[in-house]
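Remarks on the structure that follows.
One-based numbering, in listed order, for ligands and for the atoms of each. As the structure is a computational prediction, the values presented were derived from the model and not from experiment.
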Amino acid sequence: MKNILVIGATGQIGSELTLKLRKHYPNGNVVAGYIKGAEPKGELLESGPSELVDITNAEQIAAAVEKYNIDTIYNLAAVLSAVAEAKPQLAWKIGVGGLYNVLEVSREKNCAVFTPSSIGSFGHSTPKDGTPQDTIQRPNTIYGVTKVTGELLSDYYTKRYGIDTRSVRFPGLISYMTPPGGGTTDYAVDIYRSAAKGEKFYCPLKPGTFMDMMYMPDALRAAIEIMEADPQRLIHRNSFNIAAMSFDPEMIAATIKEFVPGFEMEYKLDPLRQAIADSWPNSLDDSCAREEWDWKPEYDLKKMTEDMLKHLSPSAKEDKKMEKAICVE
Ligand code: SER
C-alpha cells in the first residue's frame with residue numbers, strides 16, 4: 001500500500017498528478033497538500049483527503065506525514081522561472097527552504113521523495129543541443145539556482161541518510177487542464193488557448209527559440225514511473241533528463257494551423273522571458289532515463305496538438321458543462 005502526500009496539490013502539475021495517483025494506487029491514501037488561498041475543489045476535493053501543508057512549515061509537513069502514515073512525498077511546490085526573477089527570495093524560500101523541510105521530515109519518518117528539477121537547471125555554458133545527462137549546470141536564473149541546489153541536496157540526503165530521493169528534469173509542460181503561471185515555457189500553453197478561442201496569439205518569444213516541451217500525460221507517467229523504478233538499475237537519481245519534443249514558436253504555430261487554418265500569430269517579445277529561454281538548452285539527451293528505467297514519451301507535437309485542441313474547443317467545453325449539469329441533477 002502506498003500513502004502519498006502531494007505538496008502543491010492544487011498547482012499546475014499537482015492537480016492532475018494527485019488525481020492520477022489516486023487512480024494508480026486505489027488502496028492507498030493520496031493526500032492533497034494545499035496552501036491557504038489555493039484550496040482543492042471539485043474532483044480533487046471529493047476524491048480523497050486533503051490537508052493544509054505549507055512547504056515552508058516543517059511542522060505541518062510532519063503532522064500530515066504522521067496522520068496518514070505517509071511513505072512517499074511528491075514535492076511539487078515551486079515558483080516558476082519568470083515570477084522567480086521578480087521574487088528571488090520567495091523562490092529560494094520555497095524551492096530550497098521548502099525542500100530542506102521535506103528532506104528533514106523524510107529523514108525522521110523515512111519517506112521517499114520526488115522533487116522535480118527542470119530544463120531551467122542549465123545555463124549558457126551548457127551544451128545546447130543534445131544536452132547530456134551529466135554536464136555543466138551553471139544557470140543564471142534564481143529558478144535554476146534553486147533547481148541545481150535541490151538536485152545536489154537530494155543526492156546528499158540519499159548518500160548521507162539513505163533517503164530514497166528521485167527526480168526528473170521536466171521540460172515545459174503543456175496541459176489543457178490547469179493553466180501554468182509565471183513560467184517561460186507557458187507560451188506553448190497559451191497559444192492553444194488562443195487558437196481554440198479563435199483569437200490571434202501574441203508570442204512573447206522570437207522565432208528560433210527552441211526548448212524541450214512535454215504533454216502532461218507523459219509528464220505524469222514519468223513522475224510515477226521514476227518512483228516505481230528498480231533502485232538496483234538507477235545509476236542516477238537527482239535528476240534525470242527526460243524529453244519528448246523540441247520546437248520553436250514557428251513550429252508550434254504551423255502545427256496548430258494544420259488543425260485551425262485561420263490561426264494567426266504575431267510576435268510581441270517579452271525581454272525577460274526571452275533572456276531566460278536563451279539561457280536554456282534547445283533539446284536534452286534523455287538516454288540515461290531510457291536505459292535506467294525505460295522512459296519513453298508517447299506524445300509528439302502533432303499528437304499533442306490534436307489532443308489539446310480537441311479538449312479546448314468550445315464544443316468540448318459545452319459537453320463538459322452538460323456532463324456536470326447531468327451529474328448535479
Ligand atoms: N516550465 C518552467 C518554466 O518555464 C520550466 O521548468 O519556468
- At what distance is the nearest protein heavy atom to atom 4 (O) of ligand 1, and which residue and atom is it?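 Atom 4 (O) of ligand 1 sits closest to the protein heavy atom Thr184 N, 2.6 Å.
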
- Item | For atom 1 (N) of ligand 1, the protein heavy atom that lies nearest, with its residue and separation |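 The answer is Thr185 OG1, 2.8 Å.
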
- Message: Both conditions, 6.0 Å and 45 degrees, for the charged tip of Lys257 above the ring of Phe263: are they met here?
- Response: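 Output no; distance or angle outside limits.
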
- Determine whether more than 12 heavy atoms belonging to other residues, nucleotides or ligands lie under 6.0 Å from atom CD1 of Ile226.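 Result for CD1/Ile226: enclosed.
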
- Count the heavy atoms belonging to other residues, nucleotides or ligands that lie under 6.0 Å from NZ of Lys302, then report whether that count exceeds 12.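 Check fails, neighbour count at 12 or below.
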
- Item | ligand 1 atoms in contact with Ser81 (distance to a heavy atom under 4.0 Å) |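 So the answer, numbered in order with elements, is 3 (C), 4 (O), 7 (O).
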
- Query: Can you list the ligand 1 atoms lying under 4.0 Å from a non-hydrogen atom of Tyr143?
  - Reply: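 Going through ligand 1 atom by atom, the ones under 4.0 Å from Tyr143 are 2 (C), 5 (C), 6 (O).
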
- Item | Considering all heavy atoms, the nearest Met227-Tyr74 contact |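 Closest pair (atom of Met227, atom of Tyr74, distance): CG-OH, 3.2 Å.
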
- Query: When you look for heavy atoms under 4.0 Å from ligand 1, do you find them on the side chain of Trp280, its backbone, both, or neither?
  - Reply: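 The part of Trp280 near ligand 1 is the side chain, not the backbone.
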
- Under-4.0 Å salt bridge between Glu292 and Arg166: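 Salt bridge between Glu292 and Arg166, a charged N being under 4.0 Å from a carboxylate O: no.
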
- Query: Could an N or O of ligand 1 be found under 3.5 Å from any N or O of Ser118, whether backbone or side chain?
  - Reply: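 Yes.
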
